[in-house]
Amino acid sequence: MAAVKEVDRVRTIKASLKKQERQLFFRRFFANKLMVMGCFIFIVLGLIALIGPMLVSYDPYEMKVAERLNAPSGEHWLGTDEFGRDLLTRIVYGAQVSMGIGLIVTLISSILGLVIGLYASYYAALDHILMRICDGLMAIPGILLAIALMAALGPSPLNVIIALSIVFTPNIARIVRSSALVIREQTFIEAMHAQGASATRIIWQHIAPNTISPLIVQATFVFAEAIISEAALSFLGAGIAAPDPSWGNILQAGKLVIFKAWWMVVFPGLAIVLSVLGLNLLGDGLRDFIDPHSSGKKSK
Amino acid sequence: MEKKPLLEVKNLKTHFHTERGQITAVDGITFHLNEGEIVGVVGESGCGKSVMSQSIMRLYDEKYTAKYEGEILFQGENLLNLSKAMMQKIRGNDISMIFQDPLSSLNPVYTIGDQIRESLMIHQNLNKREAQQKAIEMLGLTGIPAPEKRINEYPHQLSGGMQQRVMIAIALSCQPKLLIADEPTTALDVTIQAQILDLIAELNAQLGMGVIFITHDLGVVAEICTRVMVMYLGQIVEETDTDCLFSEPLHPYTRGLIKSIPQLEGERLQKLYTIDGTVPSLQKVPHGCRFASRCPYADELCKEQAPELEAYSATQKVRCWHYKEILKKEAVHESSNE
Ligand SMILES: Nc1ncnc2c1ncn2[C@@H]1O[C@H](COP(=O)(O)OP(=O)(O)OP(=O)(O)O)[C@@H](O)[C@H]1O
Ligand SMILES: [Mg+2]
């Protein structure tokens, strides 16, 4: 009888949680101020990357030697760079490159990580192979690995995407695998076996949907790290090469003139900080939002 | 009335590979089930009831988890020889299972309609509309009111009894020839339990499927089973028809089980009978009779040598060295009591 009561209790709690979730979705969403802020920052930066280039009036590539290193003014809001290009324009175009690469890397590593994590969790033999590879990749600090890969591949936007995807896929694969391992032990998966469902069906129809929320949370962190890493690569000259703008290589150019033109470092730096901050706030908030038990502590 | 066996299990053994070596959770089980028959399996927690039922469907991973031995003849065909793909065709279609825990046997992210349809779409090549129709029909059959509305709800929106009905609807959707019900009512309260039992008995009569009904509740057995197998530590210690189970229990363990049913009549404050001791671990199975350590009648022979399952009458089998003497002793004891 006690067991029945306990089961009932758990069920009512579960039911009321779900109900609450739906009813109070927006209230809870907006209750987490930091997440709303993160979401807002991210959306604004995303919009800048998307439609910004249509709004700015300068050419990001055209050099005007006469106007080099002008301080911020009514004409050039954020000043000009060492070739006389409008810094605002460069940063806006750079947003497209940096956030675009971040997004693509996030998508690729999410998809690959999902596939790898799911199959590794399901097939023990595959698990050994795939997870040892992932362990190996994760043992090397991400940025070092990215630099090494860029050195091997040569600098180009495509190669940045490839290198960073290799760096971040294991990250996602681990998260997906660990939650899939929990799901696959649940009775409903066994019940699906007993109904004669194939492995493919069980993996994709029944395990995958249950791993999506932790994956999304992790993906926001990967997005942030991908932006930092791309900036770092470009800063070190191993990422997006010079005439093309990226936050990292604008920062690098700024480093050379840091005492003459503070705006060259402050503004691209600010762009990186803001986008990463926004994504991390969003990720933290989403994590708490999806799993109310984990509030607060975050393992980075 | 001679019926042909739907399922014949011959000397089935299930070995698990564990960190501390191999354990044999089901150790040489032999029984049969006729078409349209309900056979009960009883025994204490941990005696291998669930392992046996899942072994019949070959649900354990044969590479890493378990190894099977023996034969499982389903309609004359040995399931242990079938390929994975063939097995998948049989599961859910010819043999279905209701799990012990209804609350976690449903996937929380899909509606119950999705989940009932799934089995139909896997096995019967129905399109979505036909499957939906059939799913509503099945749900209605299990006695859920307004099935066409309920079908769009998620598992958490249903009560435990309803979830169990959904599980039954899923299990029965393809009209299996054999249903394995693993303690389908343990998590439910008494009234719901009675409804579910009635439902299974009714569907058994209507659809003519064989049922293996696992439980540790002898009252439930008395209600719906024609025959019973009593399991102890991975083996069958007694097989009997339901009437004889109560009127003439042979094995000391069975006697213990029956004595430990709470009695309503008689003295109110009578202490519940319990069988002394605990089930030995599977890691070190005694080489004599497995029940010897807890048996009031055990002697040297019992500790040295394991008894075989032997036939006592046409419907009764027992695995005990001394059951005849015990039977006599108890008969004297009872008559002197009166
Ligand atoms: N996958 C497994 N690996 C190793 N041992 C297992 C596994 N599954 C079950 N066992 C062991 O097999 C034994 C029988 O377990 P089983 O679940 O069949 O008991 P049961 O009779 O169904 O009990 P209950 O009435 O509590 O459901 C237990 O000792 C258990 O520890
Ligand atoms: Mg069990």
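Just so it is clear: chains get the letters A, B, ... in the order the sequence lines come, proteins before strands, and each one is counted from 1. None of these values were measured; they are calculated from a predicted model.
Neither the backbone nor the side chain of B/I90 comes within contact range of chain A; no heavy atoms are under 4.5 Å apart. With a 4.5 Å cut-off on non-hydrogen atoms, B/L59 touches chain A through its side chain but not through its backbone. Residue contact with chain B, scored on non-hydrogen atoms closer than 4.5 Å, involves the backbone and the side chain of A/A125 alike. Residue B/Q115 touches chain A through its backbone alone, counting heavy-atom pairs closer than 4.5 Å. Residue B/Y110 touches chain A through its side chain alone, counting heavy-atom pairs closer than 4.5 Å.
A cation-pi arrangement is absent between B/R58 and B/Y68 under the rule of less than 6.0 angstrom and at most 45 degrees off the ring axis.
A side-chain donor-acceptor contact under 3.5 Å links A/R184 to the backbone of A/S121.
A salt bridge between B/K67 and B/D61 is absent, with no side-chain N of the basic residue lying under 4.0 Å from a carboxylate O of the acidic one. Taking the charged nitrogens against the carboxylate oxygens, B/R150 and B/E153 do have a contact shorter than 4.0 Å, which makes a salt bridge. Checked for salt-bridge contact, A/D127 and A/R177 meet the test: a charged N lies under 4.0 Å from a carboxylate O.
Between chain A and the options B/I122, B/V109, B/I170, B/N93, the largest number of non-hydrogen pairs under 4.5 Å is found for B/I122. For the options B/K63, B/E118, B/K89, heavy-atom pairs under 4.5 Å to chain A are most numerous at B/E118. Contact count against chain B (heavy-atom pairs under 4.5 Å) is highest for A/A194 among A/A124, A/A194, A/A191.
Remark: the B/D182 side chain and the B/S50 side chain contain an N/O donor-acceptor pair separated by less than 3.5 Å.
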